[in-house]
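Structure first, commentary second.
Quick note on labels: first sequence line is chain A, next is B, and so on, each numbered from 1.
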Amino acid sequence: MKYVSEFRDPALAQSLAKAIAREADPARSYAFMEFCGGHTHAIFRYGVQDLVPSNVRFVHGPGCPVCVLPMRRLDDALELAERHGVILATYGDMMRVPGSGRRSMLTARGAGADIRMVYSPLDALALARDNPGRQVVFMGIGFETTTPATGMAILTARAQGLANFSVFCNHVLTPPAMEHVLAAPGIALDGFLGPSHVSTVIGASAYRPLVAQYGRPMVIAGFEPLDVLQSVLMLIRQVNEGRCEVENQYARVVTDAGNTRAQDVIEEVFALRETFEWRGLGSVPRSARAIRPELADFDAEARFTISEKQSREVKSCECPAILRGVKSPKDCKLFGKACTPETPMGACMVSSEGSCAAYYTYRRAETLAAMGAQMEAAE
Amino acid sequence: MSGILRPGAAVEMAHGGGGMATTRLIREIFARHFANPILDQGHDAARLNLPHGRMVMSTDAHVISPLEFPGGDIGSLAVHGTINDVAMGGAMPVALSAAFIIEEGLPLETLDRIAASMGEAARKAGVPIVTGDTKVVERGAADGLFITTTGIGIIPEGVEIAPERIAPGMAILLSGTLGDHGVAILSQRQGLAFGTTIESDSAALHRMVGDMLAAVPSIACLRDPTRGGLSATLNELAEAAGVGMTLREAAIPVRPEVAGACELLGLDPIHIANEGKLVCICPDDQAEAVLSIMRAHSEGRDAARIGTVGASVAPGTPGLLRMETLIGGMRVVDWLAGEQLPRIC
């Protein structure tokens, strides 16, 4: 696999690991937050933490769109499918996310709701064309990476006069979430591994104000294991040298300005919401997109009435603290017992990008052992 | 042909009614393609003369969609799948039965093609289909065609295949590339059309197994990594044997096209179904001998040693299957939770 396997080369990984061990100051520790779930997954999938010294720690961030979607929005989507009888088109990783009463899109589909798994908003457009007598709602979810594709689907629907297509928009923004994490008290972070795909859209320059204001360095990192290792080395160097910059390790894809065409589509189709509820983070101002009023015909929230509802998360679930990086999956009593990928209680377990799922899938034995040790210490 | 196979003709409820239409369906399609001396006796039950010894019996229902796919179809798959299940018990397959549940409206030409492919697969494998049954259900009550096959086989003297025989230090061998079947099926899936030349690996493995067991009777365990892929197979075996296992990711053969498709779709070949591969666990000092026998067969030409059995563990220990990753880290290889693929076998 050209252009992929090169970034998984074992010899290069070992030499980067040696450089990290050489340059990391044993007298201090380093806590780096990887914002994206994609990085969390790569770190666990390849066992990256086995290649860095124990004083270099990864803190897992909230960059998993499925994880941060509040239960209320999922309940709303289920209502669209069940009460309004639409064809609800969604990405596959939404299917098992538990909503209120542990219901999910999968259980709703089993009970007769018409919920279809798609790989792209264009698949949802095709569903609308193929089912002219039905309303098709696409569940728009994700950071800036997926927002332009949803925007293009809306523009295409308008150009083709598709009157039975709309989007339930849950797209969110990366920089406000990072700012929320940085501004919260009690978070000791020495730097960020910056998002890969998000940055291809918004560009490296989008993070400069944040990095300057909060004094934490950032290295935009690719998703392959060598990308992560090299970015960790770059972060350690910034910390050791007292620098605080946005550096771009993923320069083979990410530019300073980003993808301006995609940015134009986002601007044309979406406005900023005044505020939006994030699972784990709470209300974050100007952190999410809504469809512009002039495109309200394609906005499911304008087209259908969605009832007010109280959606309550499972109380003992630690997802909120885990998403803010202040707790680890091993600090959650439910982990690996009541909450597993087969029966997820919280969102960090259901999405493969969530940190609980990563701990469960790749480090279960160690995590459960650490939980046992914590219990004994408490007794 | 003047029979039931007219252009555009489809299976009707009458074909399952037990009357003339049923007889013609059986005679003109199934009996024609499956012809062998035992089936041709035309009894309700097949009579077999079996050698003495321990017999194995295995059954498998096939509901794959689409019915025909690159590298095979539901018919050849139903033959290979059951032959392989019998072979993984250490037995030489002797005979198969086949039961068909056909949805009203299935084109007779499709049924004929699939039956022909099934007959050919059985003949090539040297394992006759000796008895069978046909039912037709109303439109909507099935998805085109479901086939259940049952196979019996005889275990040679001195062969003892069982997970309990897996012991620390043994070698874990894989007969070839992972993920070909699952990705070939996925590439045909509606709404996910991507151009690929990947074919299913569907194949009968009993001859290769016969040669492996004849040369190295001390082989401890054999398993075909079908649904759930290599991860499910090895997790199952590790749990049954109460041992840890360590794989080397770099040693696991995967075709570049399959690796590329998996990369694109966010799948891991280790969880994807195979229909013509086996895992063999044998004493460490026999590993090279077994590998060279596997590689002498076309079904085993990419065979590789992918890992080693570790120490015994207490029952209930989590994370038994571990893997040294490409870059030299370690991770657990878990069972796949949930299923996001279409029906693949």
Side-chain angles (χ1 to χ4, degrees), chain A residues 1-2 4-5 7-14 16-17 38 41 43-52 89 92-93 95-96 106 116-120 122-124 126-127 224-226 228-229 336 340-344 349-350 352-353 357-369, chain B residues 179 186-187 189-194 228 231 235 238 244-252 254-271 310 313-314 316-342:
Chain A
M1 246 185 326
K2 216 161 161 37
V4 175
S5 37
F7 295 95
R8 296 172 188 170
D9 182 89
L12 285 174
Q14 290 303 329
L16 278 169
H41 182 79
I43 288 165
F44 281 87
R45 166 81 175 72
Y46 293 99
V48 174
Q49 62 273 62
D50 292 340
L51 276 76
V52 301
D93 42 5
M95 294 297 286
R96 284 185 304 128
L106 215 52
R116 317 267 183 106
M117 214 166 84
V118 294
Y119 286 83
S120 143
L122 297 179
D123 295 342
L127 277 175
E224 295 301 324
L226 288 194
V228 174
L229 284 167
T340 68
E342 282 155 75
T343 54
M349 187 61 94
V350 74
S352 62
E353 290 194 351
Y359 274 78
Y360 188 90
T361 307
Y362 299 125
R363 293 247 153 188
R364 186 162 17 134
E366 292 91 331
T367 310
L368 290 171
Chain B
L186 202 58
S187 71
R189 185 181 188 186
Q190 208 183 4
L192 189 68
F194 60 90
S231 62
N235 269 301
M245 292 183 179
T246 305
L247 305 181
R248 266 197 336 115
E249 187 170 21
I252 299 176
V254 180
R255 274 179 214 287
E257 311 92 281
V258 170
C262 287
E263 199 65 35
L264 200 68
L265 298 168
L267 306 171
D268 193 335
I270 210 163
H271 297 309
V313 295
T317 308
L320 292 178
L321 182 60
R322 305 171 69 81
M323 181 156 79
E324 185 192 328
T325 70
L326 284 178
I327 63 160
M330 287 296 287
R331 67 159 167 115
V332 170
V333 179
D334 208 359
W335 308 71
L336 187 64
E339 173 67 273
Q340 297 213 333
L341 301 176

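Scanning for ring pair (Phe, Tyr, Trp, His ring centres under 6.0 Å) contacts around A:Y359 gives A:F44, A:H60, with sequence neighbours left out. For B:E324, there are no salt bridge (charged side-chain N to carboxylate O under 4.0 Å, His left out) partners two or more places apart in sequence or in a different chain.
Between B:L326 and A:Y46, the shortest heavy-atom distance links the atoms CD1-CE2, 4.5 Å. Residue B:I327 comes nearest to A:A13 through the heavy atom pair CB-CB, 3.6 Å, listed as atom of the first residue, atom of the second, then distance. Among all heavy-atom pairs drawn from A:R363 and B:M330, the shortest one is NH2-O, 3.4 Å.
From A:T340, atom OG1 reaches atom CG of B:D334 across 9.5 Å, with rounding to the nearest 0.5 Å. With rounding to the nearest 0.5 angstrom, the CD atom of B:E249 is 4.5 Å from the CZ atom of A:R45.
The candidate from A:D50, A:L226, A:L127 with the greatest count of non-hydrogen atom pairs under 4.5 Å with chain B is A:D50. Across B:D268, B:T317, B:L320, B:V333, the residue that shares the most heavy-atom pairs under 4.5 angstrom with chain A is B:D268.
A donor-acceptor contact shorter than 3.5 Å is absent between the side chain of B:R331 and the backbone of A:G47.
Within 6.0 Å of CZ in A:R364 there are more than 12 heavy atoms belonging to other residues, nucleotides or ligands.
Interface remark: A:Q14 contributes side-chain atoms only to the contact with chain B (heavy atom separation under 4.5 Å). With a threshold of 4.5 angstrom between heavy atoms, A:R116 does not approach chain B through any atom at all.
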